[in-house]
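The structure under discussion appears below in the form of structure tokens.
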Amino acid sequence: MATVLSTSIDVCFNPQYSDTKKHSLFSKPSSLRQSRTRKLTISCSSTKQPKTLEEEPITKTPSLSEQLKPLSATTLRQEQQTHVLSKPKSVWVNPTRPKRSVLSLQRQKRSAYSYNPQIKDLRAFAQKLNSSGFAEKSEFLALLDEIPHPPSRDNALLVLNSLREWQKTHIFFDWVKAKNLFPMETIFYNVTMKSLRFGRQFQLIEAMAVEMVEDGVELDNITYSTIITCAKRCNLYDKAIEWFERMYKTGLMPDEVTYSAILDVYSKSGKVEEVLSLYERAVATGWKPDAIAFSVLGKMFGEAGDYDGIRYVLQEMKSMDVKPNVVVYNTLLEAMGRAGKPGLARSLFNEMLESGLAPNEKTLTALVKIYGKARWAKDALQLWEEMKAKKWPMDFILYNTLLNMCADIGLEEEAERLFDDMKESGGCKPDSFSYTAMLNIYGSGGKAEKAMKLFEEMLEAGVQVNVMGCTCLVQCLGKAKRIDDLVSVFETSVQRGVKPDDRLCGCLLSVMALCESSEDAEKVMGCLRRANEKLVAFVKLVIDEKTEFETVKEEFKLVINGTQVEARRPFCNCLIDICRGKKQQERAHELLYLGTLFGLYPGLHNKTVKEWSLDVRSLSVGAAETALEEWMRTLANIVRRREDLPEVFLAQTGTGTHRFSQGLANSFASHLEQLAAPFKPSDRAGVFVATKEDLVSWLESKFPPLVASQA
DNA sequence: ATAGGGTTAG
């Protein structure tokens, strides 16, 4: 744990505090660090697919408890330590050894504003400068000479403050400085730097800071916080930290504004440990963080989806008696969403209303998004009614988020009303994403006719088609077997600049699997060829019975390696479906094997002592059937070898809340029936159960023992 | 945008 304390503050001027590391380990957030580490490791080992394929041992998927074992060991050890050495609190308040503070508890004072009698003339002059074009620097300089009053300190400051574009501010600063009528004070640099920050001109800002040092002009907290936030906005985090450390070196203590700016820098650059260390250290020396600091912490935990962290922020605010404002609530709501806690987001929102705060567009956007993703139709609709009844503010992003929510939940009529509202609202004309959301809704609802109409409307309105809209339409038209329309939509989209991605290719591939005539399949393959020639070549290779398995394996690896992670499993699913459509069952089994080998189907098989299960929820119809058959073959072998079997067997298809898995349960059920397999629908929807007894007798009849050894 | 810090979709 390399903390910022040892790299910046202590090294700079506080070497006697080498014990700070210990303190930060034992104080409050240490439990947070552990829980965060724990969560991260679980997700890494169980759900993330590798970017590059390596063969995975199929039978050795470690159970969750196995995965957790090393972690629980380390966690336990740390917790023990915390108990053994749980007295450092008294050290914190030991008066004989007060902590050296890391920030000034007083904010920097601003100089008082003094009235300028020439304000009217100078404002008008600045307006003129603002509205002037910017073809030539010399032209602008000529305009400056028309200043109605001499550029005294106060006059120059007023104009400097009124200029908009950073180029103009910068030239004006240099012009005033060159006149040498008065010494340039810090405030002139600060105002100019702020303007440069709008233009993200970090290099110029840094040059000005260097100039200040050379000219002996004092850099104050405002200067530093402007430099730091500009570096942050330019993603130059190292630069931000460099200037922060420089403050201490020159003996200037940051105040809370600079301090929370640097907290945000560490947070945005992913240095969570450092943020917590700095936070703790400042609180330990008497800082009472304000809402902005808590918003920074909340955002950081939200980005990590860290629920414990979010709770910690809420607890800290409560214990320090800091009332959350709208921004803090917005940040925490968003964070709750990322942490997958829709219920807690809802209570937090209610708490916000009870505290008398009014939600703004961002609050509502966060909440609508959460309800949509959670498919909480009732809450989403109730919220929408409330929004309309209370006339809460709407903006463009909120409209589009509402449309996406409708797509997530499948609310077609409501979406149509929103879409019309949007057209009438004047300020929020539907854009590419609004249309895409509507295409998504019509597409997943199988409304091919409406989707086509909307596509035409979109083209007429001159709204840019994007790849997702194209994908939704292709999928919808494919299901409706309107292959000619599909081809025309694809061509039009490509003409209009859509770059097909792997998802669109996966979609075309799934349509190919659905095609009944080879004529249609050829048409779709034509589209696919324009998007991904290698994939088409691979399809042809796979469906050619003469191709050797080893060749398929090598090419599979190449194709899947070149595919975006989220499209790999769909590709494999579709390829299996295509093979089954061509009655090439063995090839389908080979592909399922390869998909499993390369980790595309984690968690397909699950075993406990009492029950074994097959989870086909993320498989296509053909892949699920193949997986079932494969499982039965394996079980038949186990029966022949008279090895132990559990009492219960489960096959899980899910209920198809996701639009791509619609119908999986039904087709899986009829496949079971066709095989006369003893799996029966259970109380839980989308779950099929068989007892050991029934399954064994069925397997014995289906796979006779005499041919066993070669099966 | 009137010298400095925090929040919004795909």
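In what follows, chains carry the letters A, B, and so on, assigned in the order in which the sequence lines appear, proteins first and then strands, with residues in each chain numbered from 1. Note: hydrogens, waters and symmetry copies are ignored here, and every other heavy atom, side chains too, is used.
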Touch class at under 4.0 angstrom, heavy-atom based, for A/N130 against every strand present: nothing
Touch class at under 4.0 angstrom, heavy-atom based, for A/T192 against every strand present: nothing
N/O donor-acceptor pair, side chain A/N161 with base B/dT2, under 3.5 angstrom: no
Phosphate OP1/OP2 of B/dA1: any A/K168 side-chain N/O under 4.0 Å: no
Please tabulate, one pair per line, all N/O donor-acceptor pairs under 3.5 Å involving side-chain atoms of residues 425-432 of chain A, not counting sequence neighbours.
{"from": "A/S425", "atom 1": "OG", "to": "A/M422", "atom 2": "O", "distance (Å)": "2.8"}
{"from": "A/S425", "atom 1": "OG", "to": "A/C428", "atom 2": "N", "distance (Å)": "3.3"}
{"from": "A/D431", "atom 1": "OD1", "to": "A/N400", "atom 2": "ND2", "distance (Å)": "3.2"}
{"from": "A/D431", "atom 1": "OD1", "to": "A/F433", "atom 2": "N", "distance (Å)": "3.0"}
{"from": "A/D431", "atom 1": "OD1", "to": "A/S434", "atom 2": "N", "distance (Å)": "3.0"}
{"from": "A/D431", "atom 1": "OD1", "to": "A/S434", "atom 2": "OG", "distance (Å)": "2.9"}
{"from": "A/S432", "atom 1": "OG", "to": "A/Q464", "atom 2": "O", "distance (Å)": "3.0"}
{"from": "A/S432", "atom 1": "OG", "to": "A/N466", "atom 2": "ND2", "distance (Å)": "3.2"}

Canonical and wobble pairing (Watson-Crick, G-U, under 3.5 Å) of DNA chain B, dot-bracket with |: ..........
A/N190 side chain, from C-beta outward: closest of B/dT8, B/dT2, B/dA3: B/dA3
Side-chain donor/acceptor of A/S111 to base of B/dA3, under 3.5 Å: yes
A/R110 vs B/dG4: side-chain N/O to OP1/OP2 distance below 4.0 Å: yes
Base B/dG5 paired with A/T258 side chain (donor-acceptor, <3.5 Å): no
Touch class at under 4.0 angstrom, heavy-atom based, for A/R123 against every strand present: base
Nearest-Å distance for atom pair CD/P, residues A/E256 and B/dG6: 13 Å
Atom-pair distance (CG on A/D154; C1' on B/dT2), nearest Å: 14 Å
Closest nucleotide among B/dT7, B/dG4, B/dA9 to the A/T331 side chain: B/dT7
Sugar-phosphate, base or nothing in reach of A/T363, heavy atoms under 4.0 Å: nothing
Phosphate OP1/OP2 of B/dG5 contacted by A/R197 side-chain N/O (<4.0 Å): yes
Protein-nucleotide distance (A/L160, atom CG; B/dT2, atom P), rounded to Å: 13 Å
Residues that A/K120 engages under salt bridge (charged side-chain N to carboxylate O under 4.0 Å, His left out), provided they are two or more places apart: none
Any A/E361 side-chain heavy atom under 4.5 Å of A/M394 side chain: no
Enumerate, atom names and distances included, each donor-acceptor pair closer than 3.5 Å involving a side-chain atom of residues 186-194 of chain A, sequence neighbours excluded.
{"from": "A/T186", "atom 1": "OG1", "to": "A/E218", "atom 2": "O", "distance (Å)": "2.7"}
{"from": "A/Y189", "atom 1": "OH", "to": "A/E211", "atom 2": "OE2", "distance (Å)": "3.2"}
{"from": "A/N190", "atom 1": "OD1", "to": "A/T223", "atom 2": "OG1", "distance (Å)": "2.8"}
{"from": "A/N190", "atom 1": "ND2", "to": "A/D220", "atom 2": "OD1", "distance (Å)": "3.3"}
{"from": "A/T192", "atom 1": "OG1", "to": "A/F188", "atom 2": "O", "distance (Å)": "2.7"}

Residue that, paired with A/M336, satisfies side-chain contact (heavy atoms from CB on, under 4.5 Å) out of A/L367, A/I310, A/T331: A/I310
Short N-O contact, A/E185 and A/R153, less than 4.0 angstrom: yes
Value in whole Å for how far the P atom of B/dT8 lies from CG of A/N404: 17 Å
Contact under 4.0 Å: A/K299 side-chain N or O vs B/dT8 OP1/OP2: yes
Distance in angstrom units between A/L364 CG and B/dA9 P, rounded: 14 Å
Rounded distance in Å - CG (A/L403) to P (B/dT8): 20 Å
Side-chain-base donor-acceptor pair under 3.5 Å for A/D220 and B/dG4: no
Listed nucleotide nearest any side-chain atom of A/R107, set B/dG6, B/dG4, B/dA9: B/dG4
B/dA1 to B/dT7 separation - P atoms, rounded to the nearest Å: 16 Å
Sugar-phosphate, base or nothing in reach of A/D290, heavy atoms under 4.0 Å: base
Contacts of A/E146 that satisfy salt bridge (charged side-chain N to carboxylate O under 4.0 Å, His left out) - sequence neighbours left out: A/K128
A/L278 CG - B/dG6 C1' separation (whole Å): 16 Å
Side-chain N,O (A/R233) to OP1/OP2 (B/dG5) below 4.0 Å: yes
Touch class at under 4.0 angstrom, heavy-atom based, for A/D264 against every strand present: sugar-phosphate
Residue pairs, two or more places apart or on separate chains, that pass ring-ring contact (aromatic ring centres under 6.0 Å, His included) and touch residues 392-432 of chain A: A/F419-A/Y435
NZ/NE/NH1/NH2 to OD/OE distance under 4.0 Å, A/E303 and A/K299: yes
Residue-phosphate contact under 4.0 Å: A/K232 side-chain N/O, B/dG6 OP1/OP2: yes
Residues A/E334 and A/K362 bridged, charged N to O under 4.0 Å: no
Integer-rounded Å distance: B/dA3 C1' and A/M193 CE: 11 Å
Polar side-chain contact A/S260-B/dG5 base: donor and acceptor under 3.5 Å: yes
Touch class at under 4.0 angstrom, heavy-atom based, for A/V368 against every strand present: nothing
A/R164 side chain, from C-beta outward: closest of B/dA3, B/dG5, B/dA1: B/dA1
P gap between B/dG6 and B/dT2, integer Å: 14 Å
